[in-house]
Amino acid sequence: MLTSLEIHHFALIDRLRVEFSDGFNVFTGETGAGKSILIDSLGIVLGGRASVLYLRDGAEAYDIQAVFDLADAPAVTDALRELALDGEDDTLFLRRRVLASGKSQAFVNDRQVPVRVLSRLGSLLVDIHGQHENQFLLRPDAALSILDHYQAELGPARAAYAGAYEAYQATARELAYWQGKHLHQGDDLARLAADIKEIREARPKPGEDSELRERVRLLASHDKIMQALAAAHNLLEGEEGGVLDGLTEARKAIDQVSSYDASLETLSGSLDSAWQTVEDVRQNLADRLSSDENDQQALDEAQTRLDLLYHLKQKYGGSLEAVLAYAAKAEEEYHALEKLSDTIEKWAKKAEKDRAALQERADVLTALRKNAADRFCAAILPHIHDLAMPEGKVEIAFRRLPQCGRSGQDEAVFLFSANLGMKPQPLGKIASGGELSRFALAVKTVLLEKFGVPTMIFDEIDTGVGGVTAQKMAEKIALIAEKRQVLCVTHLPQIACFADRHLYISKAVEGGSTVSRVTPLDKEGQVDELMRMMSGTQRSESARSSAREMLEMAARFKARRARG
């Protein structure tokens with residue numbers, strides 16, 4: 001669960017640290033005080049899109065750190081171990097720093113990571129449900145998306161369908177390609193024949209161009225090499241005495257006095273060895289010079305061959321390996337074009353076989369989805385009834401598409417009725433804003449029971465509801481908070497009174513700028529805040545009494561739940 005959130009230089013927040021408890025955490029406060037800013041900051045540290053527009057004036061960067069207790073989060077622990085980011089205990093630190101330049105840095109347990117790592121961990125840690133999430137239910141693909149995640153068997157079925165779909169699409173493209181070739185068969189045959197002939201006549205070999213470049217470089221440097229060899233030869237054996245003559249004279253000089261000093265015989269032997277080594281070098285130089293032929297023809301031939309290979313690479317793929325691969329593919333295509341009717345028939349048969357396999361996968365997917373729809377509607381209906389819609393009905397209507405698409409051959413839409421005697425209609429046409437909010441909460445509750453993450457966030461999910469309906473929503477969220485940590489931004493006292501930890505958000509002016517503050521409320525603070533939420537600025541004993549009654553009602557509900 002989320003244990004704390006620390007924020008620096010973010011929007012209305014200069015410096016702030018908020019502690020959270022398990023169970024039901026509620027944020028309340030005046031409109032614009034910064035309640036949703038806290039949720040926005042949490043979304044960013046969990047890998048969401050980070051905008052520099054949140055940066056406070058004069059700051060170089062904003063920093064957000066979230067700390068989680070992983071005692072009951074095995075999926076997160078496994079992911080950290082896989083990423084080699086696991087720590088020594090069950091505490092996880094996520095941090096995001098966004099600079100004024102727009103650059104972003106992400107850290108897990110003080111180790112820098114790509115932002116996508118935060119996103120992956122965030123999806124396992126927190127589920128954020130904001131007002132826009134309600135609108136997701138109105139999208140054409142919403143029902144199918146929910147069903148595909150609701151029933152576990154649909155995962156493998158979707159993967160199998162996706163594979164069959166890609167196979168069919170690839171075959172259909174190949175068939176269309178060869179069918180299109182029928183119109184230009186003669187031209188294509190002539191073009192391919194010319195390409196194959198050009199490559200065959202050139203007979204390129206892998207790596208040949210590299211060898212030729214080295215040969216051209218050597219031949220082009222011929223004169224410079226010969227001049228250096230001649231100069232070296234003259235230094236070793238010049239007409240007026242060279243290195244060899246000098247070595248001979250040196251040995252003679254030492255030999256004349258070696259009878260006086262026997263150790264000099266060693267030096268004489270060394271000079272003999274040196275003379276022989278230099279003589280070998282001189283002889284090699286003489287051989288190279290005497291056999292020299294300035295082979296301009298060889299240079300021209302090598303350069304011409306290199307130019308030809310360059311032309312082939314430019315035309316057929318950038319490397320001699322690519323040229324040879326093109327030649328092989330061209331020959332294959334040429335033979336296929338020669339038997340175009342047979343080729344088209346072959347691909348048409350394969351397309352029909354792949355289409356039949358795709359249809360089989362689509363039928364399986366449809367059957368599983370309809371089964372999942374029955375189960376999902378049966379699971380969501382009690383929650384719909386709990387949320388002050390006792391006569392509510394939910395169905396999922398399917399329509400078979402004429403062709404298989406990327407996600408199957410189905411369209412599905414939620415049908416809903418909130419009142420007795422009314423036929424279920426498409427959710428987007430019949431549900432009010434409050435009904436849509438309650439429907440979304442019911443969906444979230446069903447999915448939570450099946451999957452769920454340690455922490456759930458509801459950002460003003462209560463839009464458009466009030467009175468008894470608001471109390472029913474509060475009770476439903478309180479039930480979720482028995483199994484998951486819940487953070488909830490609300491304007492309704494009926495929901496706020498159920499808080500296990502009530503955090504009040506306010507604005508103040510400090511140092512010439514506006515900042516947000518977060519104050520944990522004790523029992524009397526809760527009473528005052530509930531009075532404000534119910535009656536505004538009015539403070540009366542009846543309002544205070546109503547606030548206390550609201551807290552007592554929530555306490556009784558929790559006590560009944562605790563007793564089972």
Side-chain angles (χ1 to χ4, degrees), residues 84 112 194-331:
Q112 190 163 357
D195 290 348
I196 294 167
K197 180 174 181 291
E198 182 179 29
I199 296 172
R200 280 179 176 174
E201 289 179 347
R203 295 196 298 272
K205 294 179 291 186
E208 181 185 1
D209 49 348
S210 298
E211 296 174 5
L212 277 172
R213 279 194 295 270
E214 180 61 25
R215 178 165 173 73
V216 167
R217 188 183 68 82
L218 184 62
L219 290 171
S221 305
H222 174 270
D223 290 344
K224 185 179 294 185
I225 293 172
M226 288 301 108
Q227 289 173 8
L229 295 183
H233 185 271
N234 288 336
L235 288 170
L236 298 181
E237 184 187 46
E239 294 180 0
E240 299 180 0
V243 172
L244 286 169
D245 289 343
L247 289 171
T248 300
E249 292 301 323
R251 188 190 61 185
K252 287 179 180 179
I254 291 176
D255 287 346
Q256 289 174 1
V257 295
S258 61
S259 60
Y260 303 111
D261 185 349
S263 65
L264 295 177
E265 291 180 0
T266 302
L267 293 178
S268 179
S270 296
L271 286 171
D272 278 340
S273 297
W275 187 93
Q276 188 59 52
T277 300
V278 174
E279 170 59 18
D280 290 343
V281 174
R282 183 204 65 76
Q283 186 60 51
N284 283 331
L285 292 174
D287 292 344
R288 289 285 299 270
L289 290 169
S290 63
S291 63
D292 172 44
E293 291 183 7
N294 187 358
D295 198 345
Q296 182 62 40
Q297 182 180 352
L299 175 60
D300 292 342
E301 289 175 354
Q303 187 62 61
T304 299
R305 176 68 175 172
L306 199 57
D307 291 343
L308 172 60
L309 297 180
Y310 178 78
H311 164 74
L312 293 177
K313 291 191 294 183
Q314 288 293 102
K315 186 175 181 181
Y316 297 116
S319 70
L320 292 184
E321 289 77 11
V323 172
L324 293 169
Y326 172 82
K329 187 175 184 300
E331 289 185 9

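The model shown is predicted, which means the values in this text are computed figures rather than measured ones.
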Over 12 non-hydrogen atoms of neighbours within 6.0 angstrom of NZ in Lys315: yes

Atom pair OG1 (Thr277) and CG (Asp272), whose distance is rounded to the nearest 0.5 Å: 10.5 Å

Distance-minimising heavy-atom pair for Ala322 and Gly317: CB-O, 3.4 Å

Least distance between heavy atoms, Ala202 atom then Leu308 atom: CB-CD2, 4.0 Å

Nearest-0.5 Å distance, CG of residue Leu212 to CG of residue Leu309: 6.0 Å

Smallest separation among heavy atoms of Asp209 and Lys313, with atom names: OD2-NZ, 2.9 Å

Atom pair OH (Tyr316) and CD1 (Ile199), whose distance is rounded to the nearest 0.5 Å: 5.0 Å

Minimum-distance pair of heavy atoms, taken over all atoms of Arg305 and Glu208: NE-OE2, 2.7 Å

Side chain to side chain, Leu320 and Lys205, heavy atoms closer than 4.5 Å: no

Gln276-Asp280 side chain donor-acceptor pair, cut-off 3.5 Å: yes

Shortest non-hydrogen separation from Glu321 to Pro206 and the atoms involved: OE2-CB, 3.6 Å

